[in-house]
Visitor: 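Mind having a look at this structure? Questions to follow.
All chains are named by letter (A, B, ...) in the order of the sequence lines, taking the proteins before the strands, and each is independently numbered beginning at 1. Computed from heavy atoms alone, side chains included, the values below leave out hydrogens, waters and symmetry copies. Since the structure is predicted, the reported quantities are computational estimates derived from the model, not experimental observations.
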Amino acid sequence: MTRSEWIQLGYLVAAVCFILALKGLSSPKTARYGNFIGAGGAILAVVVTCFYPNMSNWPLIIGSVVLGTAIGVPAARAVPMTAIPQMVAAFNGVGGAAAALVAVADFRTHSNAGWAVALAVVFSTAVGFISFTGSCITFGKLQEIMTTRPVLVPGGRFISFGLLAALVVLVGVVIGTGSVPALAALAVVGLIFGVMLVLPVGGADMAIVISLLNSFTGLAVAASGAVLRNTLLIVAGTLVGASGALLTHLMSQAMGRSIGNIMFGAFTSKAVTAGAGAASDRSVRTGTVDDIAILLAYSRKVVVVPGYGLAVAQAQHTVRELADLLESKGVEVSYAIHPVAGRMPGHMNVLLAEANVPYEQLKEMDEVNPEFARTDVVVVVGANDVVNPAAREDASSPIYGMPILDVDAAQHVVFLKRSMRPGFAGIENELLFGDKTTMLFGDAKDTLTKLVGAVKSA
Amino acid sequence: MTEILSSPTWLWLLTIFILSVFVGFEVISKVSSMLHTPLMSGANAIHGVILVGAMIILGAADNAVQALLGVLATILATINMVGGFVVTDRMLEMFKGRSKSPAVKEEVQR
């Protein structure tokens, strides 16, 4: 076999490792093992690349890899689990930038290599840089360096369309003429467009953006692979691009909205949010911590519905404490996880796993919904829209059609909420006024701590 | 300069691309929604393999501009790849079943 064939074979093994890594995630039992295989594949790919013909600049290569490791590893080790979404966004952004830089750096080499390569170069440059700045804004929003709400630039829609038009023109120019200044201009337009794309998105929708940008970076990597004619980059990038696209689709389905509505909805949804919160002077039943503690302690089956508010209050450990206490009293406790609970899809599961909740207790929506009819008490912590029956019943509601947790089927529903303010979607929840419902106002962590104390003495 | 490997045609690359799309869809549709965050983070680490591309660029760079772009790309790609795998491992390490937790076992035995 030639050296080239050995390298190709190494890349093939690495590609299989990546597929196995993703496959391992079908169960928590095999997931960690799969991740090791994926990392092994990545190391193999890097080692094999060292045998590429005519490689030079070794001090620069080794220095850069060492520096990147010195930045990446401590960051990945130090990040708290609540900040995982912004960490993923940050890693995703630098990957996108790397893919774009690779395409740009190699452009001259291929300037007369035909339109297919030129197309791959412009694709990787535009999409990679969009992903980079988009991820930066996502990071800023999630880290709360800037507002988490949608930001509407005056005339933002026209700026975005203008940028898009410029993008298309520049793509044509670069492919047609091979002009380097045009490629540089394309990079700049891509960078600005990434900012404009993410600015109008906010709150819980950021989860979808992370997934979408992940897909973008994957596709940019695949395009860079096409530029370099490197099959491993094509396979790995495409795997991520396809999986990210599918995940984005699943997530937006779980929110009952289209991707277009999430990315561009802020331009049109003003009418919906106006007037929200006005109806909250209707009477609700407020309970005391002691009443609820007795209700919980003498139940047979309790389901906890954790939401965004639980993550914000960092109350996942306290919730676990309460669940353990109830279990020791013979109560059956499980957690009902809505697909979009937390700050990114699946984030709530990670937070609860960190609080040592065994994953068997974490129930997905389809699994838990039939169980609510047999449930004595549902404790909703910092969630609202995902349990709003309007999604099922009220065809005029903006969240109509969104799959929800059917907590209204249970005997009692206890809401731990900061205030009567509606959830992110800005719509009233009829369930709050229902006769099975009791409200416990206050900080989630505070209330839960008090509940733990009260259940102990109940 | 950078395409010394036996040069595959664009049609062949397209074939690999299309097949990978289907593999990607297939593999992801089996992922438990409980693990969607580690999935995104793991997928993130996998696209960090752009490091391979960055190394090839840097290894073939023969002018200052290419070297600069190559160095930047290599640093960023390394952060992406190494950081991605480490943070995914940290997450997956926490997903434990009931049976594996010794504290719970003791309680059951009592």
Visitor: Are side-chain heavy atoms of I7(A) and Y52(A) found at a separation under 4.5 Å?
Guide: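 Yes. Closest side-chain heavy atoms under 4.5 Å.
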Visitor: Side chain, backbone, both or neither: which part of M81(B) has an atom under 4.5 Å from a heavy atom of chain A?
Guide: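 When you check distances to chain A, only side chain atoms of M81(B) fall under 4.5 Å.
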Visitor: A223(A) versus chain B, heavy atoms under 4.5 Å apart: side chain, backbone, both or neither?
Guide: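 No part of it gets close to chain B.
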Visitor: For chain A, which candidate among V31(B), L14(B), I16(B) shows the most heavy-atom pairs at distances under 4.5 Å?
Guide: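 Most pairs with chain A among the choices: V31(B).
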Visitor: Would you indicate whether the side-chain heavy atoms of M34(B) and I337(A) approach each other to under 4.5 Å?
Guide: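 No, too far: nothing below the 4.5 Å cut-off.
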Visitor: State, with a plain yes or no, whether a side-chain heavy atom of L352(A) is found less than 4.5 Å away from one of Q361(A).
Guide: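 No, too far: nothing below the 4.5 Å cut-off.
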Visitor: What part of E354(A) gets within 4.5 angstrom of chain B, counting heavy atoms only: side chain, backbone, both, or neither?
Guide: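 For E354(A), backbone and side chain are both near chain B.
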Visitor: Would you indicate whether the side-chain heavy atoms of L22(A) and V23(B) approach each other to under 4.5 Å?
Guide: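 No - every pair of side-chain heavy atoms lies 4.5 Å or more apart.
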Visitor: Checking heavy atoms, do the side chain of A45(A), its backbone, both or neither come under 4.5 Å from chain B?
Guide: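 When you check distances to chain B, atoms from both the backbone and side chain of A45(A) fall under 4.5 Å.
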Visitor: Could you grab the distance from atom OG of S131(A) to atom CG of L213(A), nearest 0.5 Å is fine?
Guide: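 Going from the OG atom of S131(A) to the CG atom of L213(A) covers 5.0 Å.
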Visitor: Pick one of side chain, backbone, both or neither for A45(B), based on which atoms fall under 4.5 Å of a heavy atom in chain A.
Guide: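 Neither part.
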Visitor: First locate atom CZ of F132(A), then atom CG of N92(A), and finally report the distance between them rounded to the nearest 0.5 Å.
Guide: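 These two atoms lie 11.0 Å from each other.
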Visitor: Return the CG to CG distance between N44(B) and N80(B), rounded to the nearest 0.5 Å.
Guide: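 Here the rounded value is 5.0 Å.
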Visitor: What part of S224(A) is in contact with chain B, defined as an atom under 4.5 angstrom from a non-hydrogen atom: side chain, backbone, both or neither?
Guide: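 Looking at S224(A), just its side chain touches chain B.
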Visitor: For G38(A) versus A21(A), what's the shortest heavy-atom pair and its separation?
Guide: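 Answer, listing the atom of G38(A) first, then A21(A): CA-CB, 3.7 Å.
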Visitor: For L58(B), which atoms come within 4.5 Å of any heavy atom of chain A: side chain, backbone, both, or neither?
Guide: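 Both the backbone and the side chain of L58(B) come within 4.5 Å of chain A.
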Visitor: Side chain, backbone, both or neither: which part of M251(A) has a heavy atom under 4.5 Å from chain B?
Guide: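 When you check distances to chain B, only side chain atoms of M251(A) fall under 4.5 Å.
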Visitor: Looking at G53(B), G70(B), A77(B), which one has more heavy-atom pairs under 4.5 Å with chain A than the rest?
Guide: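 Looking at each of G53(B), G70(B), A77(B) in turn, G53(B) comes out on top.
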Visitor: Who wins among T49(A), I210(A), I19(A), L362(A) for the most heavy-atom pairs under 4.5 Å with chain B?
Guide: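 That would be T49(A).
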Visitor: Picking from L35(B), V65(B), V82(B), which has the most non-hydrogen pairs under 4.5 angstrom with chain A?
Guide: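 Between L35(B), V65(B), V82(B), the count favours L35(B).
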Visitor: Which answer fits P345(A), side chain, backbone, both or neither, if we ask what part of it has an atom under 4.5 Å from a heavy atom of chain B?
Guide: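 The answer is both parts of P345(A).
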Visitor: Side chain, backbone, both or neither: which part of S27(A) has a heavy atom under 4.5 Å from chain B?
Guide: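 When you check distances to chain B, only backbone atoms of S27(A) fall under 4.5 Å.
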